[in-house]
Every structure is written in C-alpha cells, then in structure tokens.
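This report refers to the structure that appears directly beneath it.
Order of the sequence lines sets the chain letters (A, B, ...), proteins ahead of strands, with each chain counted from 1. Small disclaimer: the values here were computed from a predicted structure and weren't measured.
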Amino acid sequence: MNTVPQATRVRFAPSPTGFLHVGGARTALFSWLFARHTGGTFILRIEDTDFERSSDDMVAGILEGMRWLGMDWDEGPFYQSQRLEIYARTVARLIDSGHAYHCFCTREELESRRASAAEAGTVPRYDGRCRSIPQAEAAQRMAQGERAVVRFRVPREGVTTFQDAVFGPMEFANAELEDFVLLRSDGIPTYHLSVVADDLDMRMTHIIRGADHLSNTPKQVLLYHALGASLPVFAHLPLILGPDKTRLSKRHGATSVMAYKDMGIVPEAFRNFLALLGWSPGADAKQPNGPDREIFSTEELIRMFSLDGIAHSNAVFNNDKLAWYNTEYVRAYDPSLLLPLVEEEWRAVDYQPSRDREEILAAIALLQPRARSLKDFASAFLAYFGDRFAMDAAAVKKFLSDAEVRQMLAELGRQYAKLENFTEASTEELLRAFAAEKGIKAGALINGARVALTGQAVAPGLFAVMLYLGQQRVVSRLEAAASLTVE
RNA sequence: GGCGCUAUCGUCUAGGGGUUAGGACGUGAGAUUCUCAAUCUUAAAACACGGGUUCGAUUCCCGUUAGCGCUACCA
C-alpha cells in the first residue's frame with residue numbers, strides 16, 4: 001500500500017460521569033504525548049450521551065484536571081450532546097444500506113429473555129428477532145407511536161479482524177457478537193455509534209484508549225466497514241489497578257487526579273510517574289554508567305514516546321513511587337518556580353507569610369532538601385516564613401521536656417543577643433562553648449534549640465537555620481522556650 | 001458461562017535461545033551524629049506451573065492455573 005505521510009489526529013474522549021480519574025488521565029497523557037511526538041493534533045471530545053449520569057460539573061472537573069497536568073488540546077472540547085444530527089444521519093445511512101434495522105423489543109422483554117437464557121445456561125445474546133421486519137412495516141409501527149431502537153445487523157458468520165498497535169493482530173468471530181444497539185428509543189446514540197461517527201467525522205488517525213475497549217472494537221470495526229470507511233490505528237492501553245490488583249476505583253482512595261494536587265503533588269511529578277505506568281522508554285533510559293533513568297522532562301517524554309513501548313499487562317498504581325517522584329521534583333525545582341505553587345497551598349490554609357520575597361525564596365531553598373510535598377511548606381515548615389507557627393507536640397516532648405534544658409536555651413538566647421558577628425560559625429562556636437561550660441552535651445542543646453526555633457524535630461542544619469532566621473528571631477524564640485509548658 | 005487480554009523481585013519495569021537476569025520504588029543492615037522524612041554504603045528479593053521445539057529455554061509454541069477486561073436502550 002502506498003501510504004502518504006499523514007498528520008496524526010488523536011483524541012481524548014472522556015465521559016463526564018465522574019472527575020478526571022487516574023486511568024483517564026493516563027489515557028489522555030499517552031494520547032497527548034503521541035500527538036505531540038508526531039506533531040499531530042490533539043482533540044478533546046466530551047462523550048456526554050449518557051444524560052442521566054453526565055454533568056457540567058464533571059466536565060469542568062475534567063478540564064481542570066487536563067490543565068493541571070499541562071495537557072493542552074488543539075481542538076474542542078466538542079460535546080457529543082450537541083452533535084446529535086451527525087449520529088442520526090449516520091444511522092439513516094446504515095438503515096438505508098441494510099446494515100441496521102429497527103427493533104421493537106422492550107427492555108422488559110429483553111431482560112426476561114436474558115434471565116431465562118442465564119437460567120438455561122446459554123449465552124444471553126439478542127436473538128435478532130426483529131431483523132426481518134420490513135422497513136415499511138417498521139415505519140408504520142413507529143408512526144403509530146411504537147418505540148424502537150436501531151440495531152446493527154452483525155454478520156452471522158465470518159470473523160472481524162484488526163491490527164492493534166499494542167496487542168497485535170486481533171480476530172473475533174462475528175457469531176460472538178450480538179446485534180448491538182446503535183440508537184436508543186429516545187433517539188440518543190449509544191457509545192458504539194457516536195464514537196465511530198465522531199472519529200470518522202473528526203478524521204481521527206489513531207484511537208488510543210483503555211484495554212477495556214478491546215472487546216468492543218470488533219463492533220466498531222464492523223461499523224467502519226458498513227460505512228465504507230477505512231480503519232484508524234487502534235492502540236489499547238493496559239489498565240491501571242489498585243494495590244489489591246483489582247481495577248482502580250474509589251475503594252482505593254484517591255481516584256481523581258485533583259485529589260493528588262490536594263495532597264501536595266506537583267503536576268510534573270504526577271505526569272512523569274503516570275508516563276512510566278504502562279510505558280517504558282526501553283533503551284532510551286539506559287545510561288552507560290549508573291542506573292536507568294527514571295526522571296524525564298516533558299520534552300524528553302514527548303521525544304521518546306512511542307506506541308511500541310506500551311506494556312501489555314496491567315500495572316498497579318504505586319503510591320510510594322509517586323511520593324518518591326514528588327520528592328525528586330519538589331527538591332529540584334528552582335525556588336522561584338516552586339513559590340507560586342507554595343503560595344497556592346498557603347492560600348488554601350489561609351496563611352500569610354510575614355517575610356519578604358527574597359527571604360521566602362531563601363527559606364524555600366533551605367527547606368527543599370528535606371521537603372517531600374507542597375504540603376510541607378504549608379504546615380511543618382511554617383516557622384521559616386513568619387512568626388505564626390505551631391510547636392509539634394512530639395518534638396517538644398522529645399527534646400524540650402527537661403525544664404533545665406529550657407532554662408539553658410533561654411540563657412543561650414540572651415548570650416546570642418550579645419553576639420556581635422552573628423554567623424553560622426560564631427553561633428555554633430558559642431553554643432558549643434556554652435554547652436561545655438554547662439556540662440551538657442552540645443547535641444542535647446542543639447536538638448532543643450531546633451525545636452524551640454522551628455517547632456519541629458526535623459530541620460536543616462541548626463546553624464544554617466539560625467543564620468536564616470536572624471539574630472532577633474533566634475533570641476526571642478530561644479527565650480520563649482523558658483515559658484513553654486510541657487505536659 | 002462465552003469471548004478476549006496478560007503473566008520477570010512486594011510494586012513499576014529492562015532484557016531476551018547460552019546473562020552473575022539489569023535498574024527504580026519500597027524493605028532490612030550499617031555509616032554519619034546536630035535532628036531526619038537528609039546523605040552515603042550495603043543486603044535480601046523475580047523469570048507462575050506442566051509439556052513440547054532445541055545441543056541449550058526465563059525468552060519460541062501448546063496447555064494448565066491465576067488475574068483482569070468485555071459480554072446494557074453505560075461509556
């Protein structure tokens with residue numbers, strides 16, 4: 001076949017029956033990466049033909065999630081609910097060509113037939129009893145007010161085949177397929193019809209979606225054939241599972257991507273993590289000396305992404321690894337780029353730092369080596385951004401429960417007040433001399449001072465903290481240790 | 001039940017007819033001593049099972065088992 005290089009057109013087509021969830025986000029990411037890698041077009045289409053379960057809030061939530069992850073789209077969002085004529089036209093064509101027919105069986109009838117089939121132990125498949133109703137008769141019955149769905153006339157014999165870019169050649173016996181519904185009795189299309197009609201209308205070249213659609217694909221292939229269209233490339237993605245290896249769901253906790261934002265995850269970390277769930281850059285990640293690479297910039301991901309690297313087996317979502325990615329990203333950020341994200345966290349908890357921008361950036365740089373998430377800056381590390389901060393009870397108990405130590409810290413504070421050249425070296429020198437004079441281990445004083453100064457048992461090196469905080473704050477916070485009550 | 005997909009450390013994965021089966025997360029141990037949720041060193045940890053094919057299978061084929069998916073007037 002003589003193939004003309006064709007610009008790729010790929011879509012992400014979520015159903016707004018829930019927020020953007022992890023699985024959907026991964027599908028979107030792979031589609032987006034593929035479109036960007038191939039220099040093609042990325043299209044967003046909202047599949048809202050299930051009016052009962054779709055809502056505007058969910059659409060907004062999905063768009064928010066897409067933006068958070070930095071996945072921009074070139075066309076859309078298109079809404080299937082606004083494209084009903086296209087589906088009606090498509091169905092009319094299929095009826096005219098004999099590929100589809102009206103079915104007057106009611107839901108109740110179908111259900112009872114399914115039930116008895118189940119009882120008899122046979123396969124509960126639509127028996128095609130309305131297949132032979134002539135079009136004229138069908139038209140007449142509908143004119144009299146009878147409700148009908150439109151079904152696709154699946155060939156009784158033969159096989160339907162297609163090539164999946166991930167799973168390879170696929171073959172399904174037509175006899176396994178039933179005459180599925182294209183148009184519901186209220187005139188709303190079902191998924192199979194709308195997805196094919198739209199993918200055709202929007203000239204999609206690649207259909208990237210979850211493997212849960214693999215078994216649905218032959219039905220759609222049949223539709224393509226019936227419409228005289230050539231097939232797009234199908235690429236099915238293995239699913240993402242929860243820790244118990246069942247399909248990821250609400251039971252497993254956070255399932256909406258925005259929940260991860262709320263946990264203090266930075267979008268780049270989430271994206272990096274997601275990209276390597278079910279896809280691997282293979283040799284591109286190998287380094288001559290040292291471990292394989294795990295951290296990739298967006299540009300690298302786009303450059304390296306290919307359908308070939310997609311795994312065939314399902315993957316378990318690993319929270320620990322996500323947390324590790326987050327840590328790596330949070331620590332690698334330039335403080336000035338991290339600041340806006342931190343500020344968002346502060347707004348969320350209604351916190352206002354009382355230091356100026358330069359100091360805040362310095363504090364962020366000081367804290368980054370120990371931070372794991374954006375949340376750290378909005379809770380544990382607040383003592384660096386202002387004077388309003390909480391004392392961690394466990395830390396106080398561990399290092400400040402001795403009243404004598406608290407008194408010594410206050411006294412140390414008074415000595416610091418008199419220190420002329422307040423530097424890392426001088427503060428350390430003074431503290432160690434003071435400890436020696438008091439006959440106490442320097443470590444005990446250092447640990448106590450850390451808690452007095454930061455409210456936490458975990459902090460950067462104490463004297464770096466002192467230098468950052470400045471003489472005045474160090475003095476007053478140490479002196480305040482004396483009046484601390486420990487239960 | 002039928003159909004489909006899948007199977008490498010606990011997890012994510014690399015690899016592929018002959019390898020000490022590689023890396024990452026997590027876990028254990030040790031070091032450091034100014035804390036650790038920091039850092040460094042280090043250890044344990046995998047080819048599901050059974051048959052073929054082959055001089056040789058973890059790799060290819062078949063089967064078994066297990067897991068997942070589909071089997072709607074949901075998508």
Side-chain angles (χ1 to χ4, degrees), chain A residues 13-17 47-50 52-54 103 105-107 110-111 114 118 121-126 147-151 164 166-167 170-173 175-178 180-186 188-192 194-195 209-219 236 238-239 241 243 245-247 273 276-283 285-287 290-295 311-325 327 331 369-372 376 380 395 398-399 428 431 441-447 449-451 454 456-463:
Chain A
S15 167
T17 54
E47 309 223 324
D48 56 351
T49 53
D50 184 346
E52 300 287 309
R53 301 195 300 148
S54 298
C103 167
C105 300
T106 64
R107 286 172 203 260
L110 294 169
E111 263 163 47
R114 262 197 291 273
T122 58
V123 180
R125 202 176 282 140
Y126 176 68
R147 309 263 280 174
V149 300
V150 175
R151 285 182 187 273
D164 190 273
V166 173
F167 292 104
M170 302 294 304
E171 181 178 303
F172 291 81
E176 295 293 334
L177 274 25
E178 68 173 355
F180 53 96
V181 173
L182 296 173
L183 207 61
R184 300 184 259 202
S185 53
D186 58 3
I188 304 301
T190 62
Y191 171 68
H192 296 300
S194 58
V195 76
R209 70 205 338 179
D212 46 341
H213 287 294
L214 201 53
S215 305
N216 289 148
T217 307
K219 295 177 190 165
H236 287 94
L239 304 179
L241 311 177
K245 303 210 177 186
T246 65
R247 203 177 175 177
F273 168 71
L276 269 65
L277 244 200
W279 173 77
S280 161
K286 291 289 178 197
Q287 297 187 116
D292 297 354
R293 297 187 54 200
E294 307 277 339
I295 305 285
H312 293 198
S313 47
N314 297 340
V316 173
F317 189 92
N318 185 345
N319 270 306
D320 284 336
K321 190 132 189 190
L322 205 213
W324 174 77
Y325 270 110
T327 302
R331 291 180 189 176
R370 251 156 273 258
R372 302 185 67 83
D376 287 334
K398 187 169 177 191
F399 294 117
E428 177 161 8
L431 183 141
K441 282 204 296 194
L445 231 39
I446 287 171
N447 288 334
R450 171 176 299 106
V451 178
T454 70
Q456 299 290 324
V458 173
L462 182 68
F463 304 102

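Here the separation of B:G1 from B:C62, taken at their C1' atoms, is 24 Å to the nearest Å. Separating the C1' atom of B:G2 from that of B:C61 is a span of 25 Å, rounded to the nearest Å. When the C1' atom is used for both B:G69 and B:G26, the distance is 29 Å, rounded to whole Å. On the C1' atoms, B:C68 is 25 Å away from B:C60, given to the nearest whole Å. Straight-line distance between the P atoms of B:G67 and B:U11: roughly 15 Å, to the nearest whole Å. Nucleotides B:C47 and B:U8, compared at atom P, are 10 Å apart to the nearest Å. One P atom belongs to B:A21, the other to B:A57, and the distance between them is 16 Å to the nearest Å. Here, B:A14 and B:A66 have their C1' atoms 24 Å apart, quoted to the whole Å.
Taking atom CG of A:Asn319 as the reference point, atom P of B:C25 lies 16 Å away to the nearest angstrom. Distance, A:Lys219 NZ to B:G4 C1': 12 Å, rounded to whole Å. Put simply, OH on A:Tyr191 is 14 Å from P on B:C74, counting in whole angstrom units. Protein atom CZ of A:Arg209 is 12 Å distant from nucleotide atom C1' of B:C70, rounded to whole Å. Protein atom OH of A:Tyr126 is 18 Å distant from nucleotide atom P of B:U71, rounded to whole Å. Computed from coordinates, the A:Leu241 CG to B:C5 C1' distance equals 12 Å when rounded to whole Å. At whole-Å resolution of the value, CH2 in A:Trp324 and P in B:C25 are 5 Å apart. In this structure, A:Ile188 atom CD1 and B:A72 atom C1' are separated by 16 Å, rounded to whole Å.
Nucleotide B:G26 forms a pair with no other nucleotide shown, judged by Watson-Crick or G-U wobble geometry with both contacts under 3.5 Å. The nucleotide B:C36 finds no pairing partner, because no Watson-Crick or G-U wobble arrangement with both distances shorter than 3.5 Å includes it. A 3.5 Å limit on both hydrogen-bonding distances identifies no Watson-Crick or G-U partner for B:U58. Pair check for B:U20 finds none; no Watson-Crick or G-U wobble contact set falls under 3.5 Å. A 3.5 Å limit on both hydrogen-bonding distances identifies no Watson-Crick or G-U partner for B:U53. Base pairing annotation: B:C68 forms a Watson-Crick or G-U wobble pair with B:G4, both donor-acceptor distances under 3.5 Å.
Among the atoms of the strands shown, base atoms are found under 4.0 Å from some heavy atom of A:Gly461. Contact annotation for A:Phe273: no contact, since no heavy-atom pair falls under 4.0 Å across all strands. Among the heavy atoms of the strands lying under 4.0 Å from A:Asn216 is at least one base atom, whether or not backbone atoms are also near. Within 4.0 Å (heavy atoms only), A:His236 reaches no atom of the nucleic acid at all. When heavy atoms are screened at a 4.0 angstrom cut-off, A:Pro460 is found touching base atoms of the nucleic acid. Contacts of A:Val181 with the nucleic acid, taken as non-hydrogen atoms under 4.0 Å apart, involve only primed sugar atoms and P, OP1 or OP2. Using a 4.0 Å heavy-atom distance criterion, A:Ser194 is classed as making no nucleic acid contact. Within the nucleic acid shown, A:Glu178 comes within 4.0 Å of sugar-phosphate atoms alone, with no base atom in reach, counting heavy atoms only. Within 4.0 Å (heavy atoms only), A:Arg147 reaches no atom of the nucleic acid at all.
Phosphate proximity of B:C73 to A:Arg151: present, with a side-chain N or O under 4.0 Å from OP1 or OP2. Distances shown here put every side-chain N or O of A:Arg125 at or beyond 4.0 Å from the OP1 or OP2 atom of B:G1. Phosphate contact (OP1/OP2 of B:U6, side-chain N/O of A:His312, threshold under 4.0 Å): present. Listed pair A:Thr122 / B:G2 fails the phosphate criterion, with no side-chain N or O lying under 4.0 Å from OP1 or OP2.
The residue among A:Leu322 and A:Cys105 whose nearest nucleotide of RNA chain B lies closer to the 5′ end is A:Leu322. Judged by closest nucleotide on RNA chain B, A:Gly290 is the one of A:Thr246 and A:Gly290 placed further toward the 5' end.
Applying the 3.5 Å distance criterion, the base of B:C68 shares no donor-acceptor pair with the side chain of A:Arg247. Side chain A:Thr190 to base B:C73: no donor-acceptor pair is found below 3.5 Å.
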Interface polar pairs with nucleotides 37-43 of chain B, N/O, under 3.5 angstrom:
| unit_1 | atom_1 | unit_2 | atom_2 | d |
| --- | --- | --- | --- | --- |
| B:A38 | O3' | A:Arg331 | NH1 | 3.4 |

For nucleotides 12-14 of chain B, list the nitrogen or oxygen atoms of the protein found under 3.5 Å from its nitrogen or oxygen atoms, one pair per line.
| unit_1 | atom_1 | unit_2 | atom_2 | d |
| --- | --- | --- | --- | --- |
| B:C12 | OP1 | A:Val316 | N | 2.9 |
| B:C12 | O2' | A:Leu276 | O | 3.2 |
| B:U13 | OP1 | A:Gly278 | N | 2.6 |

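In this structure, the separation between CG on A:Asp292 and OG on A:Ser280 is 8.5 Å, given to the nearest 0.5 Å. The line from CD of A:Glu428 to CG of A:Leu462 is 8.5 Å long, rounded to the nearest 0.5 Å.
Among residues two or more places apart in sequence or in another chain, the side chain to side chain contact (heavy atoms under 4.5 Å, CB included) test is passed with A:Ala323 by none. Not counting sequence neighbours, the partners of A:Val166 by the side chain to side chain contact (heavy atoms under 4.5 Å, CB included) test are A:Asp164, A:Ala235, A:Ile310, A:His312. Scored by the ring-ring contact (aromatic ring centres under 6.0 Å, His included) test, A:Tyr126 finds no partners at all (sequence neighbours excluded). In terms of the side chain to side chain contact (heavy atoms under 4.5 Å, CB included) criterion, residue partners of A:Ser15 (sequence neighbours excluded) are, by chain and number, A:Thr17. For A:Phe172, the side chain to side chain contact (heavy atoms under 4.5 Å, CB included) partners at least two apart in sequence or on another chain are A:Phe162, A:Met170, A:Pro218. Under the rule for a side-chain hydrogen bond (donor to acceptor under 3.5 Å, both in side chains), A:Arg114 has no partner lying at least two apart in sequence or in another chain. Remark: A:Lys398 engages no residue in a side-chain hydrogen bond (donor to acceptor under 3.5 Å, both in side chains) (not counting sequence neighbours).
Out of B:G69, B:U35, B:C74, the shortest distance to the side chain of A:Leu239 is found at B:G69. The listed nucleotides are B:C73, B:C5, B:U35; the one nearest the side chain of A:Phe167 is B:C5. With B:A24, B:A75, B:G4 as the candidates, the nucleotide lying closest to the side chain of A:Pro291 is B:A24. The nucleotide whose nearest atom lies closest to any side-chain atom of A:Phe172 is, among B:C74, B:C68, B:G4, B:G4.
Side-chain contact check for A:Thr190 versus A:Phe180: every heavy-atom pair is 4.5 Å or farther apart.
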Exercise for the section: Would you sort out whether A:Thr217 and A:His236 count as a side-chain contact (heavy atoms from CB on, under 4.5 Å), showing the intermediate values? Expected result: CA-CA 10 Å; A:Thr217 307; A:His236 287 94; 3.1 Å; yes
